[in-house]
Protein chains: 2
Amino acid sequence: MTARRAASARATINDVAAVAGVSRGTVSRVLNSEAYVSEAARLAVTDAISQVGYVRNSAARNLATRQSHAVGLVVHEPHSLFLEDPNIGSILLGINSALSDADYQLVSLVIDSERDSHRVAEYLSGGFVDGVIIVSARAHDPIAEVVAELGIAAAFVGHPVDIEGIPYVGIDNFSAAKAITTRLKETGRRRIGMIAAGLDRDSGQDRMAGFRAAMGDDFDPELVITTPLYAHTSGVDGMRLLLDRAPDVDGVFAASDAMAAGVLDVLREVGRSVPGDVGVVGFDDSAWATRAQPPLSTVHQPAGQLGRRAAESVLAQLRGETVDTAGIFLETAIVWRDSA
Amino acid sequence: MTARRAASARATINDVAAVAGVSRGTVSRVLNSEAYVSEAARLAVTDAISQVGYVRNSAARNLATRQSHAVGLVVHEPHSLFLEDPNIGSILLGINSALSDADYQLVSLVIDSERDSHRVAEYLSGGFVDGVIIVSARAHDPIAEVVAELGIAAAFVGHPVDIEGIPYVGIDNFSAAKAITTRLKETGRRRIGMIAAGLDRDSGQDRMAGFRAAMGDDFDPELVITTPLYAHTSGVDGMRLLLDRAPDVDGVFAASDAMAAGVLDVLREVGRSVPGDVGVVGFDDSAWATRAQPPLSTVHQPAGQLGRRAAESVLAQLRGETVDTAGIFLETAIVWRDSA
DNA sequence: GCATATTCTGGGAGCGTTCCCAGAGTCGAT
DNA sequence: ATCGACTCTGGGAACGCTCCCAGAATATGC
């Protein structure tokens, strides 16, 4: 077990104290940048630390403080989340960045949905993590309910849920939808349709409301096609229906890039040029947008910031601050590419 | 600080011992399923555990064992990895699954490339993780070099690298490329071209070699276009070049789905039907494949297994087993969709 | 100059485990 | 009966840190 020997050879706080000529307590105070340490002592300690190559043992610290200094990222229903959410990577990076700034670790909590919520509760209450971030929770999410019940520091990123007392970070879907629709109008489009989806959630409702607000008097309910899913096929079906209803349509706002890609496919099929005959815009700024032909104009989500802010909220709760549970809405930006 | 009080109210091993009427040592033995525990004692302990709701304190255990029971997933150059690798999500899930089976935690080690390798070394030698998994390392990867130097339990998933002594898990690019090309021939294609990429790595070389092997006497070096990147634009440029050289081409093997999508775009542009006039196959079975028009026939990578096997290798090293550093190659499968 | 507040330091105690040694109990062979 | 080997158990001693108390050193006010 050379590995174990090597590990135990690591310098401890006592080694640092000995080299610096101070006590354990003083080293600890320097490490945690507490007050009441003389400048001379601080210098001696920092010198000693680099001299002996000291690295703090997090297990010992966690044991003594009764905190794990870790925040969990709950990943339930793994496949849909990791494989479909276009922004998950950036969100994760944002979370990690905020966490490591505060000397916290990100641990992945992949929850197997077949296991009951008791197991989840055990995990969460077991001290493995001090707080938790939940991405894209659904309504009546069992994990979210456990978190709320346990009163653990937590934050949602993505869509607001029906659980009180847990802050969330999202985007202002209404304003974003309104803005991109307005710009569509400003490019001269008159008969603008929308392919809406996810109306069982606030995000979906808000996108539709934003569209409606932007259209003002020009709003024609006939031109709004509602579909359940944000999927590519929904875009295809929706666009076919829209063309049936309004052959003279010259603009389309699809509530996701995936749907917008479907819209594009249908338009190509029927021989309408984009953006010549019809302007098309999407939502998400996911990989669909850049891969589409032509590349989609769409609403960019500040995914990294979404993650970062959620992490910061958890961190604030951990510091004992009372955070606003009303939710944080981040600004979106419109990316103009070639489709409109 | 109610949270802290709640946390300290957790049952400890002593509480369990008291309820079970045995000693601390016996409880620990049961917890770690060691030998030399009477059936009566074991039963009493397990009963007591569920009675008091005991959850093991990992910090204390980590401190005592000098192990973190965590494995890090090194994420360097965050964006390219998380946002571009089509299989990263599944790999992560596979890793996590193997790790949690063995009671290990996955911690995300996002390395900011601006920080020097000393910091990485500190992280790795700091006892935060017992082992490390590196996805898609590049040649002369500084982190990989640090890992090799430190002798930490580690594994690569994806491409083999030029570093000795660290096992990796990948796919057999040669056989996969050969297989899909063979099937392309079997569908009656005669003039088959290839858009190759990434020839500076084994994976790229192997895919090209597999193509060549499958073509046998029909191999025509003129029909192999080499490009540096696996990108969509490489596919577009490559296909244009290929059409110039061989207008009669009736089959194309692109070394990635992204490139195959580019190939498709060019063929549509020039009015060739797929798979009618030209059969097209890709590699990866990424989201590109299903989103393409028509959906791509391609080589499926067992991404989840890739992650799982890498994690298992690290776990084996941690158990002190000597693992084969020659590399593990997993079987691929060909997915037939509509493009060939 | 003295009392008092403030800054700084040392080190005991404890966090909840595992490790390991010593000893008690059990069993079969002599 | 006696011995040795094996099975099982209890509990002291770490692991490396933080917390906190007591006391020393220094600054401040009268």
Side-chain angles (χ1 to χ4, degrees), chain A residues 1 3-45 48-49 52-69 103 125-128 130, chain B residues 1 3-45 48-49 52-69 103 125-128 130:
Chain A
M1 285 285 139
R4 181 164 301 191
R5 189 153 305 139
S8 67
R10 275 173 53 196
T12 74
I13 205 176
N14 291 306
D15 300 328
V16 174
V19 171
V22 298
S23 79
R24 221 177 57 233
T26 299
V27 176
S28 177
R29 275 183 284 267
V30 171
L31 247 27
N32 298 295
S33 43
E34 287 173 20
Y36 299 145
V37 180
S38 67
E39 201 47 39
R42 186 181 308 278
L43 232 62
V45 169
I49 284 175
V52 301
Y54 170 77
V55 178
R56 175 199 262 139
N57 180 316
S58 52
R61 180 217 216 171
N62 293 349
L63 179 58
T65 59
R66 285 177 217 72
Q67 293 192 322
S68 69
H69 276 258
D103 195 19
S125 63
F128 293 104
D130 296 332
Chain B
M1 286 284 138
R4 180 164 301 190
R5 188 151 304 138
S8 68
R10 278 173 52 197
T12 73
I13 206 175
N14 291 305
D15 300 328
V16 175
V19 171
V22 299
S23 78
R24 222 178 52 232
T26 300
V27 176
S28 177
R29 276 182 284 267
V30 172
L31 247 26
N32 298 296
S33 42
E34 286 174 20
Y36 299 144
V37 180
S38 69
E39 200 49 36
R42 186 180 308 277
L43 232 63
V45 169
I49 285 175
V52 302
Y54 170 77
V55 178
R56 176 198 261 141
N57 180 317
S58 51
R61 180 216 217 171
N62 294 348
L63 178 58
T65 58
R66 285 175 215 73
Q67 295 191 319
S68 69
H69 276 259
D103 195 19
S125 62
F128 293 104
D130 296 333

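Order of the sequence lines fixes the chain letters, A, B, ..., with proteins taken first and strands second; residue numbering starts at 1 for each chain.
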Can you name the closest pair of heavy atoms from B:V37 and B:A41 and give their distance?
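Answer, listing the atom of B:V37 first, then B:A41: CG1-CB, 4.0 Å.
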Looking only at non-hydrogen atoms, find the nearest pair between B:R24 and B:A17 and report the distance.
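For B:R24 and B:A17, the tightest heavy-atom pair comes out as N-CB, 3.8 Å.
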Provide, to the nearest angstrom, the distance between the [atom1] atom belonging to [X] and the [atom2] atom belonging to [N].
X	N	atom1	atom2	answer
A:D15	D:dC15	CG	P	11 Å
B:N14	D:dG11	CG	C1'	11 Å
B:R66	D:dC17	CZ	C1'	14 Å
B:R10	C:dG14	CZ	P	20 Å
A:F128	C:dG16	CZ	C1'	13 Å
B:R61	C:dC19	CZ	P	9 Å
B:L63	D:dA13	CG	P	18 Å
A:L31	D:dG16	CG	P	15 Å

Would you call [X] and [Y] a side-chain contact if the rule is heavy atoms closer than 4.5 Å?
X	Y	value
B:L31	B:Y54	yes
B:T12	B:N57	no
A:R56	A:V16	no
B:R42	B:V45	no

Would you check, one step at a time, whether the test side-chain hydrogen bond (donor to acceptor under 3.5 Å, both in side chains) holds for A:S68 with A:D130?
CA-CA 6 Å; A:S68 69; A:D130 296 332; 3.2 Å; yes
Please enumerate all protein N or O atoms sitting under 3.5 Å from an N or O of nucleotides 8-12 of chain C, with distances to 0.1 Å.
residue	atom	partner	partner atom	Å
C:dT9	OP1	A:S38	OG	2.6
C:dT9	OP2	A:S38	N	3.1
C:dG10	OP2	A:S23	N	2.7
C:dG10	OP2	A:S23	OG	3.1
C:dG10	OP2	A:T26	OG1	3.1
C:dG10	N7	A:R29	NH2	3.1
C:dG12	N7	A:R24	NH2	3.1
C:dG12	O6	A:R24	NH2	2.3

Phosphate OP1/OP2 of [N]: any [X] side-chain N/O under 4.0 Å:
X	N	value
B:T65	C:dT18	no
A:S28	D:dT18	yes
B:R56	C:dT18	yes
B:N62	D:dC15	no

Measure the CZ-CG distance between B:R61 and A:L63 for me, rounded to the nearest 0.5 Å.
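B:R61 atom CZ to A:L63 atom CG measures 14.0 Å (nearest 0.5 Å).
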C:dT17, D:dT18, C:dC19: which one has an atom nearest the side-chain heavy atoms of A:N32?
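Of the options given, the side chain of A:N32 lies nearest D:dT18.
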Axis deviation across the helix from C:dG1-D:dC30 to C:dT30-D:dA1, five-pair ends, to the nearest 10°
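About 40°, once rounded to a multiple of 10°.
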